[in-house]
Amino acid sequence: MQIHPTISGLRAALAANPTARVAFVPTMGNLHDGHIALMRQAREHADIVVASIFVNRLQFGPNEDFDKYPRTFQNDCARLTEAGVDHLFAPDEKEMYPEPQRYHVEPNPAHTDILDGAARPGHFRGMATVVLKLFNIVRPHVALFGKKDYQQLMIITNMVREFALPIEIIRGETSRADDGLALSSRNGYLTPEQRAEAPRLQRQLKWIRERITAGEHDFLRLETEAVAELAAHGWQPDYISIRRRSDLHPPKDAADGPLVVLGAAKLGATRLIDNLEI
């Protein structure tokens, strides 16, 4: 695997194979098995696989964990090499932002001011800005993103469509631990006791999916009961919500689908998110 700290270095390496099909998997590092699954899936769609590691300051709020976000570069490189990644783009902040980023992508507020966007103002603006910049640097034919960050995936898909970018977005299934917990770089913040409790979020989402599949139509009751169950076990829920997959807005009824149930809650100081398609 070739490691490129500069934009010019990566572009020169990719230019050596001008007819090759390129797949791209952007990350912030501290890689887990979910990331590696995307890398392996990328190989199925392209001749060359490019990954990136960049902890993007623009998508962190003032009281979030930018400074303490886990940075495990050497271990990440070993895992990417084993997964067969061809090129790693690993810039520092000066390379990505040689001057203050004054131009930004402003996603549709109807898609950003809800759910995670309501809890993390400005997050999706910073995320969309850096993803568009990475797309312009790598110029991939396909890019892969996991379904765990469902709202992020929707925003990126819409951005690619509305800007007419020649990139196919491929959705990777959420990777989970044996007990159902969605894999996340932030899971490492959990204490052993919190880690044992953490799968409860997915269990509540599964319970809602089962009730809807069985014919339950009172979505508000299901959401309220699931939030109360989390709170009763020491969680600080942001939301559990049943939404349309297409735009993540509330459905009119059970037929206004297909649907997805999403949840986000803090367990101690760690914020966990998850979702299940219905």
Side-chain angles (χ1 to χ4, degrees), residues 34 59-65 107-128 145-158 171 173-174 176 179-187 189-190 194-195 197-213 216-254 256-278:
Q59 68 194 69
F60 286 78
N63 299 313
E64 293 187 337
D65 58 342
N108 184 351
H111 294 159
T112 61
D113 293 351
I114 58 174
L115 302 171
D116 260 30
R120 304 180 68 190
H123 166 68
F124 288 118
R125 178 180 189 255
M127 178 279 297
F145 295 84
K147 286 185 182 180
K148 181 181 77 69
D149 298 297
Y150 210 89
Q151 191 172 1
Q152 170 181 282
L153 179 57
M154 179 194 68
I155 290 167
I156 290 169
T157 301
N158 290 339
R171 302 151 60 92
E173 295 298 329
T174 301
R176 299 183 180 277
D179 58 8
L181 178 65
L183 299 186
S184 168
S185 296
R186 289 186 169 94
N187 289 351
Y189 296 157
L190 298 169
Q194 291 166 347
R195 175 62 187 81
E197 169 64 24
R200 188 179 303 277
L201 177 59
Q202 194 226 14
R203 292 201 298 270
Q204 291 306 114
L205 302 184
K206 287 179 69 175
W207 173 75
I208 288 177
R209 183 173 67 179
E210 290 166 0
R211 296 309 306 152
I212 292 175
T213 301
E216 174 68 66
H217 293 163
D218 189 345
F219 293 173
L220 179 59
R221 182 185 70 81
L222 295 176
E223 294 166 347
T224 301
E225 289 189 12
V227 165
E229 175 70 12
L230 290 179
H233 288 85
W235 295 68
Q236 304 167 60
D238 286 337
Y239 60 83
I240 288 184
S241 190
I242 300 156
R243 300 292 177 114
R244 295 191 300 244
R245 294 186 205 173
S246 59
D247 57 10
L248 297 186
H249 282 204
K252 298 174 183 177
D253 51 44
D256 187 20
L259 305 177
V260 59
V261 55
L262 307 102
K266 280 188 175 180
L267 187 56
T270 305
R271 187 171 185 271
L272 303 178
I273 65 171
D274 203 349
N275 64 79
L276 289 175
E277 293 179 335
I278 299 173

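This structure is a prediction, so every number in the text was calculated from the model and none was measured. Keep in mind that the numbers below use all heavy atoms, side chains included, and drop hydrogens, waters and symmetry copies.
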- [ ] Check whether any side-chain heavy atom of Val260 lies under 4.5 Å from a side-chain heavy atom of Ile278, and answer yes or no.
- [x] no

Open item on the list: Quick check against the 3.5 Å criterion: does Arg244 have a side-chain atom that pairs as donor or acceptor with the backbone of Lys252?
Closed with: no

Task: Asp116 and Tyr150: CA distance, side-chain angles, deciding distance, side-chain hydrogen bond (donor to acceptor under 3.5 Å, both in side chains) verdict - done: CA-CA 10 Å; Asp116 260 30; Tyr150 210 89; over 6 Å; no

Open item on the list: I'd like to know whether Phe219 forms a side-chain contact (heavy atoms from CB on, under 4.5 Å) with Ile208, so could you lay out the CA-CA distance, the side-chain angles of the two residues, the decisive distance to 0.1 Å, and finally the verdict.
Closed with: CA-CA 9 Å; Phe219 293 173; Ile208 288 177; over 6 Å; no

- [ ] Would you confirm whether Gln151, through its side chain, and Ile114, through its main-chain N or O, come within 3.5 Å as a donor-acceptor pair?
- [x] yes

Task: From Leu153 atom CG to Asp149 atom CG, the distance as rounded to the nearest 0.5 Å - done: 8.5 Å

Open item on the list: To check you understand the geometry: which heavy-atom pair defines the closest contact between Leu201 and Ile273, and what is its length?
Closed with: CD2-C, 4.1 Å

Task: Distance-minimising heavy-atom pair for Glu197 and His233 - done: OE2-CB, 3.5 Å

Task: Test: Arg221 and Glu216 ion pair at under 4.0 Å - done: yes

Open item on the list: If you compare all heavy atoms of Trp235 against all heavy atoms of Ala265, which two are closest, and at what distance to 0.1 Å?
Closed with: CE3-CB, 3.5 Å

Open item on the list: Counting C-beta onward and ignoring hydrogens, is there a side-chain heavy-atom pair between Arg245 and Leu259 closer than 4.5 Å?
Closed with: no

TODO: Please examine the side chains of Leu181 and Arg195, heavy atoms only from C-beta on, and report whether any two atoms are closer than 4.5 Å.
DONE: yes

Task: Pair Asp274 + Lys206, salt bridge at N-O below 4.0 Å - done: no

TODO: Please name the pair of heavy atoms, one in Leu272 and one in Ala198, separated by the smallest distance, quoted to 0.1 Å.
DONE: CD1-CB, 3.8 Å

- [ ] Working to the nearest 0.5 Å, report the span between CD of Gln202 and OG1 of Thr174.
- [x] 9.5 Å

TODO: With rounding to the nearest 0.5 Å, note down the distance linking CG in Asp238 to CG in Leu115.
DONE: 10.0 Å

Task: Taking every non-hydrogen atom, the tightest pair across Ala118 and Asp113 - done: CB-O, 3.7 Å

- [ ] Measure across Pro237 and Val227 and return the closest heavy-atom pair with its distance rounded to 0.1 Å.
- [x] CG-O, 3.8 Å

- [ ] Please check if atom NZ in Lys266 has more than 12 non-hydrogen atoms from other residues, nucleotides or ligands closer than 6.0 Å.
- [x] no

Open item on the list: Using 0.5 Å steps for rounding, measure from the CG atom of Leu262 to the CG atom of Leu276.
Closed with: 9.0 Å

Open item on the list: Using the rule given for side-chain contact (heavy atoms from CB on, under 4.5 Å), can you reason through Gln204 versus Leu230, listing the C-alpha separation, both sets of side-chain angles and the distance that settles it, and then say yes or no?
Closed with: CA-CA 8 Å; Gln204 291 306 114; Leu230 290 179; 4.1 Å; yes

Task: Salt-bridge present (Glu229, Arg203; N to O < 4.0 Å) - done: no

Open item on the list: So, taking the atom named CZ in Arg186 and the one named OG1 in Thr270, what distance separates them when rounded to the nearest 0.5 Å?
Closed with: 9.5 Å

Task: Donor-acceptor contact present, side-chain Glu223 to main-chain Ile242, <3.5 Å - done: yes

Open item on the list: Under 3.5 Å, is there a donor on one side chain and an acceptor on the other for Ser241 and Arg243?
Closed with: yes

- [ ] Name all residues meeting the salt bridge (Lys or Arg N to Asp or Glu O under 4.0 Å) criterion together with Lys148; count only those two or more places apart in sequence or in a different chain, and write none if there are none.
- [x] none

Open item on the list: Checking side-chain polar atoms at under 3.5 Å, does Glu225 have a donor or acceptor matched by the opposite partner on Trp207?
Closed with: no

Task: Point-to-point distance, once rounded to the nearest 0.5 Å, from CE of Met154 to NZ of Lys147 - done: 15.0 Å

Task: 4.5 Å side-chain heavy-atom contact, Met127 and Ile156 - done: yes

Open item on the list: Can a side-chain donor-acceptor contact be found between Gln194 and Tyr189 if the only test is distance below 3.5 angstrom?
Closed with: no

Task: Min side-chain heavy-atom separation Val261-Asn275 under 4.5 Å - done: no

Task: Trace of the salt bridge (Lys or Arg N to Asp or Glu O under 4.0 Å) decision for Asp65 with Arg271 - done: CA-CA 11 Å; Asp65 58 342; Arg271 187 171 185 271; over 6 Å; no

Open item on the list: Can a donor-acceptor pair be found, under 3.5 Å and without considering hydrogens, that links the side chain of His111 to the backbone of Gln152?
Closed with: no

